[in-house]
Amino acid sequence: MNLLTAKIYYDGSHWIAIPHTERPYRQRRRRKQPEKSEELQQFEERFEKVKGGRKSRKAKLLQEFTPMFKDEAEAEQFVEEHFNRLSRNRWERYKRMIRRGYTNSWNFFCTYTYDSQKHTEETFRQSLMNTLYHLSSRRDWRYMGAWERGELGERLHFHALTYIPEGQMPGELEEHEDYSTKRHRREKSIQNSFFNERFGRSDFSAVNNAYEVSDSIKYMLKYISKNDEKIVYSRGLKTYFVSDVLDEDILCKTGDEEHGFKYILADNFTCISDGEIMGTVSPEVIEKMPKAN
């Protein structure tokens, strides 16, 4: 049986379809969040800063928090509960980024760095986010990105996969040749005069195909994992595209009753919107499909 109006995403290996359900959506009533205890506030701060593997991080946190509880068993229960909760939240952020990365079209991978003569770290954050917000609302830019500190000097950068519609690039793209202190050689780069004038330096690398999108997503995930920075999205960026799916394009069923069933699709499945065949799945076809969260 064909799937109608399924929500579809790419997980980095396969296209996955979530079948449409007729169950009416009921908006959840927001409950007033209880005030966090001092221990919980401290734990959430330390969770983002403690490094290492899962087992190592748990051990370090347990060692730190045991003195705050009456015995080790109570501390162990506290660390286990909140470590798992925050780990799930982090994984949900990663999944959302991966899905949005493959659902939306991009044409540049951009890196922005500030000049200390123009900004402090804080004014750079605020001013760049404000600039990108206005470019999104006024020029239809799309972006998703993450903050990262440079390996040399810890200088703050912002990396972003970006879609810039034709004719909506402010300033000029110019070729520069600079000395790379990281690689110890001179390198050419494409920079934007508008961002260089306002912030210090910008690097614009063209994204031409799905492989370059994949590399950009992996690059940002690496730094998010290392620094635990939150992902920044332009408003309205969607997580899924919506398509009917032919039975012949379904490879197998996965999932269960409790968490819901999903379907793994063929790599070259046909995208269909309102009964019209839009073409074989590709970035160009996905761009034409309806989107959803």
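Using a 4.0 Å cut-off between a side-chain N of Lys or Arg and a carboxylate O of Asp or Glu, Glu122 and Arg125 do not qualify as a salt bridge. Salt bridge status for Lys58 with Glu80: present, with a side-chain N to carboxylate O gap under 4.0 Å. Contact check on Glu276 versus Lys288 returns no salt bridge, with no Lys/Arg side-chain nitrogen under 4.0 Å from an Asp/Glu carboxylate oxygen. Between Glu287 and Arg142 a salt bridge is recorded (basic side-chain N to carboxylate O distance below 4.0 Å).
A side-chain N or O of Gln42 and one of Glu38 form a donor-acceptor pair less than 3.5 Å apart. Side-chain contact of His157 with Glu148: a donor-acceptor pair under 3.5 Å is absent, judged by distance alone. In this model, no donor atom of one side chain and acceptor atom of the other lie less than 3.5 Å apart for Asn192 and Ser202. Arg155 and Ser116 are linked by a side-chain donor-acceptor pair at a separation below 3.5 angstrom, with hydrogens and angles left out of the test. A donor and an acceptor atom, one from each side chain of Tyr9 and Lys262, are located under 3.5 Å apart.
Of the possible donor and acceptor atoms, none in the side chain of Asp249 sits under 3.5 Å from a partner among the backbone N and O of Leu265. Panel note: side chain Arg235, backbone Ser137; no donor-acceptor pair is recorded below 3.5 Å. Between the side chain of Ser136 and the backbone N or O of Ser234 there is no donor-acceptor pair closer than 3.5 Å. Under the 3.5 Å distance criterion, the side-chain polar atoms of Lys291 are matched with a main-chain donor or acceptor of Met289. Asp244 places a side-chain N or O within 3.5 Å of a backbone atom of Thr5 that can act as its donor or acceptor partner. Distance alone, capped at 3.5 Å, places no donor-acceptor pair between the Arg99 side chain and the Thr239 backbone. Using modelled atom types, one side-chain atom of Thr123 and one backbone atom of Thr120 make a donor-acceptor pair closer than 3.5 Å.
Cation-pi check for Arg198 over Phe194 is met; the charged atom lies under 6.0 angstrom from the ring centroid and within 45 degrees of its normal. Annotation: cation-pi pair Lys253/Tyr263 absent, no NZ/CZ under 6.0 Å from the ring centroid and within 45° of its normal.
The six-membered or imidazole ring of Phe204 lies away from that of Phe109, with a centre-to-centre distance of 6.0 Å or more.
Atom OH of Tyr114 sits about 13.0 Å away from atom OG of Ser127, to the nearest 0.5 Å.
The ring pair (Phe, Tyr, Trp, His ring centres under 6.0 Å) test with Tyr112 singles out one residue from Tyr143, Phe199, Phe195, and that residue is Phe195.
Residues Arg100 and Trp106 approach most closely at O-CZ2, 3.9 Å, considering heavy atoms.
Below 30°, between 30° and 60°, or above 60°: for Tyr10 and Trp15 the angle between ring planes is between 30° and 60°, a tilted geometry.
The neighbour count for Glu74 CD, taken as heavy atoms of other residues, nucleotides or ligands under 6.0 Å away, is above 12.
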